[in-house]
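Structure, as structure tokens:
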Amino acid sequence: MQLLAQIRQRFAPVLKALLTSVESNGTAPSLETLLGMIRPAQNAQFGDYQANFAMPLAKPLGMKPAEIAQQVSATVDLQGLCSEVSVAGPGFINLKLADDFLCQQANRAFGDSTSLPLDQAGLIKVDRLGVSAPNSRENIVVDFSSPNVAKPMHVGHIRSTVIGDSLAKVCRYLGHQVITDNHLGDWGTQFGMIIYGFRNFGNEAAYRAAPVPELSRIYRYVRRLMDCLEKLRDLPKWEQALGTAKERVATCQQELTALEPTSDKAAQKAARKNLADAQLQVSELEELIHKAQQQLRQAAQDESFSRDLVEHAHLHEAVLAETSKLHAGAPENLQLWHEILPHCHDEIDRVYQRLNVEFDHCLGESFYHDRLAPLVALLKRQGLVRESEGAQCVFLDQFDAPMIVQKRDGAFLYATTDLATIQYRVEHWKPNRVLYVVDHRQSEHFDKLFAVAQKMGHEQVQLVHVSFGTVMGNDGKPFKTREGDTVGLEGLIDDAVAKALEVVAKLDEAKDGGPEFTAEQRQAIAETVGVGALKYGDLSQNRTSDYRFDFNQMVALEGNTATYLQYSFARVNGIFSKAETTPEAIRSNQAAIRLTNDAERTLLLALIRFQDALEEVLVDYRPNLLCNYLFELTQEFFRFYNRADCRVVGAEPDVQASRLAMCDLMARTIKTGLALLGIKVVGKM
RNA sequence: GCCCCGGUAGCUCAGCUGGAUAGAGCAACUGACUUCUAAUCAGUAGGUCGCAGGUUCGAAUCCUGCUCGGGGUACCA
């Protein structure tokens with residue numbers, strides 16, 4: 001249920017009346033703004049909710065804020081909703097929900113056994129818990145994950161995948177019509193690499209025995225060759241640049257010493273900064289060169305690799321040629337592409353399965369390739385395209401550089417594909433909104449893309465770039481292995497699960513009655529806990545900030561982690577078995593939730609805020625708000641759980657029944673909330 | 001050069017559509033297992049919210065300048 005909306009509704013008529021009296025003076029905030037100032041109390045000592053609109057009304061109304069607050073709280077009808085209304089400080093209105101209302105809402109959620117699907121196929125279902133349908137049901141397309149299928153998924157894919165999946169689920173849960181689409185990279189240069197590599201470095205037998213590892217090996221091999229060739233090409237340039245940079249250091253040094261006797265502080269400061277910049281440049285170049293030399297030395301030790309470096313000196317061009325042959329429809333390349341592609345899908349599907357992520361569609365770049373030429377033709381007809389330096393460009397007033405939709409050599413770009421994708425989605429899915437869950441470095445691309453889409457006439461669809469920060473390593477730099485490679489996603493999952501298994505085993509051993517799990521049970525729990533920790537570590541972060549990936553912290557499995565939330569679910573189950581009952585029995589028992597103390601009250605208050613928390617998530621597409629909510633809810637639960645006067649088992653029969661119902665609602669809310677984050681629970685830990 | 005994002009406790013970060021005394025986790029310290037699983041709970045300590053101005057009843061939050069860091073910036077995605 002929507003709590004905030006209910007409270008705001010009660011205040012609306014009173015505020016409307018007040019606003020009409022300031023009509024002449026048009027400077028008063030809007031009704032909506034004022035209602036927005038009713039929100040959960042920041043500090044529980046002030047009550048449950050607070051209204052802060054009296055202060056900004058003081059000037060337009062020509063009254064003291066406290067008087068306004070007084071008047072409003074005397075007039076507003078909060079019958080059945082609040083038990084206490086008071087004015088405090090300069091004019092804050094503090095509200096306390098009536099216990100009866102709290103119980104009534106909680107009972108409604110508890111009694112709602114309807115289930116809602118979280119995927120299009122309806123395979124994942126969760127409890128509705130009294131959550132109401134949206135005011136307007138929208139068609140929402142969520143575009144996320146979008147890896148290149150030709151190479152193994154790495155740590156960079158995790159944020160898009162996990163955030164997108166969660167947003168899609170929240171949208172669906174709140175009643176929207178959602179289509180998830182994985183816009184796979186299955187048509188780009190990476191395939192040129194694999195095709196070339198398959199022909200030149202492929203091992204037929206290995207491929208037949210296990211295609212995926214062999215393809216992966218081929219990709220990595222070509223990648224390594226290209227890297228080395230690039231280094232060979234760039235090394236002289238860098239060395240030259242190093243020389244220049246060193247000269248610059250010397251010049252800067254001289255300039256600074258020349259300035260020293262003068263008293264021009266600003267000039268000295270600028271000179272010092274120049275020097276520092278130059279020195280930084282030198283050290284960066286030195287490191288770059290050092291690393292490259294190291295890599296080349298290593299390569300030199302590998303005889304066959306060195307031979308390949310010589311034989312395939314023009315690898316870069318060759319790869320591009322294979323790619324454009326593929327795009328041009330050359331049968332031999334197309335055939336190979338069809339042969340290879342399913343294996344690439346297998347590879348990423350295994351990761352998705354592990355992460356419990358599914359898509360309604362996986363329409364990759366290849367799906368759009370024959371729509372690109374017609375799209376450019378359409379842009380031309382619309383008069384949006386202009387040729388510049390041989391390329392077909394759409395120029396935009398807001399940007400210096402144009403959006404290029406066709407290269408000088410006639411090839412299309414990802415901008416072209418993205419436009420064709422919008423075209424297709426609008427035509428076939430008629431979305432009100434499309435969410436692109438893609439990292440922040442592409443924000444300018446999306447700004448341009450959306451601007452062009454609007455010029456093309458797609459004004460009715462709201463296009464949103466849900467951007468997120470980079471995954472950093474412990475050193476504060478983009479997350480890489482010690483060797484400088486990107487970190488494979490699958491290995492990361494394995495590590496997280498392995499770590500979770502350690503903890504599960506250790507705690508199981510330490511149990512009072514001795515270990516209770518079999519090896520298989522431990523493994524299953526570790527899988528849920530490990531994957532949950534990995535996802536939650538990411539989701540609980542504000543998506544816009546760079547995310548420092550600290551493996552040890554993530555698998556600490558205590559504090560604000562998925563494990564903590566999962567643990568609360570397991571503990572509730574512990575209560576049920578102690579009480580020798582089941583959730584089904586509790587629900588059919590039709591017990592009434594009622595309040596006997598403040599810990600119960602705080603827990604209930606948190607429980608009935610579930611929908612409000614979910615709606616907050618969608619305001620700015622921020623799953624971390626759901627994490628915050630679930631964490632706070634769980635804290636309230638454990639406070640309740642640890643209190644001597646909140647024992648469930650052994651309380652008076654009707655109190656026990658009420659508390660069992662509360663616990664059931666708690667367990668279902670946590671389970672549902674975690675499901676909306678794409679995280680599972682286990683009955684015992 | 002231009003554009004975008006960020007600087008909050010020792011560490012990692014919430015809070016940013018302005019609200020009362022700036023929060024959490026980790027790390028440190030004290031206490032709670034004959035109890036519904038101690039992966040828990042209660043408590044202590046820790047801060048000139050990068051700096052300087054401004055807007056107003058009120059600023060971590062909005063505006064301006066500065067500073068430090070990251071990213072992007074015409075044919076890669």
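Only this structure's heavy atoms are used, side chains among them; waters, hydrogens and symmetry mates stay out. Proteins get letters first, then strands, A, B, ... in listed order; numbering begins at 1 in each.
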Pi stacking test for A:F46 and B:A20: under 5.5 Å apart, planes under 30°: yes
At under 4.0 Å, does any side-chain N or O of A:R643 touch on OP1 or OP2 of B:A42? no
Applying the side chain to side chain contact (heavy atoms under 4.5 Å, CB included) test to A:N624, which of A:V617, A:T544, A:N542 qualifies? A:N542
Tell me what A:F638 touches on the nucleic acid: a base, only sugar-phosphate, or nothing, going by heavy atoms under 4.0 Å. sugar-phosphate
Quote, to the nearest angstrom, the P distance that separates B:U44 from B:C5. 39 Å
Base paired to B:G10 (Watson-Crick or G-U; both N/O distances under 3.5 angstrom): B:C26
Expressed as a whole number of Å, how far does the C1' atom of B:U67 sit from that of B:A52? 11 Å
So, A:F92 and B:A20: ring centres less than 5.5 Å apart, planes less than 30° off, yes or no? yes
Can you check whether A:K684 has a side-chain N or O nearer than 4.0 Å to OP1 or OP2 of B:U37? no
With a 3.5 Å cut-off and heavy atoms only, can you find an N or O donor on one side and an acceptor on the other between the side chain of A:N43 and the base of B:A22? no
Please work out whether the ring planes of A:F446 and A:Y436 are parallel, tilted or perpendicular, with thresholds of 30° and 60°. tilted
A:W187 vs A:H327 aromatic rings, parallel, tilted or perpendicular, using cut-offs 30° and 60°? parallel
Name the nucleic acid region contacted by A:R639, choosing base, sugar-phosphate or nothing; use a 4.0 angstrom heavy-atom cut-off, strictly under. sugar-phosphate
Can you tell me if A:T602 uses its side chain to pair, donor with acceptor, with the backbone of A:D598 under 3.5 Å? yes
Would you mind classifying the nucleic acid contact of A:C627 as base, sugar-phosphate or nothing, using non-hydrogen atoms under 4.0 angstrom? nothing
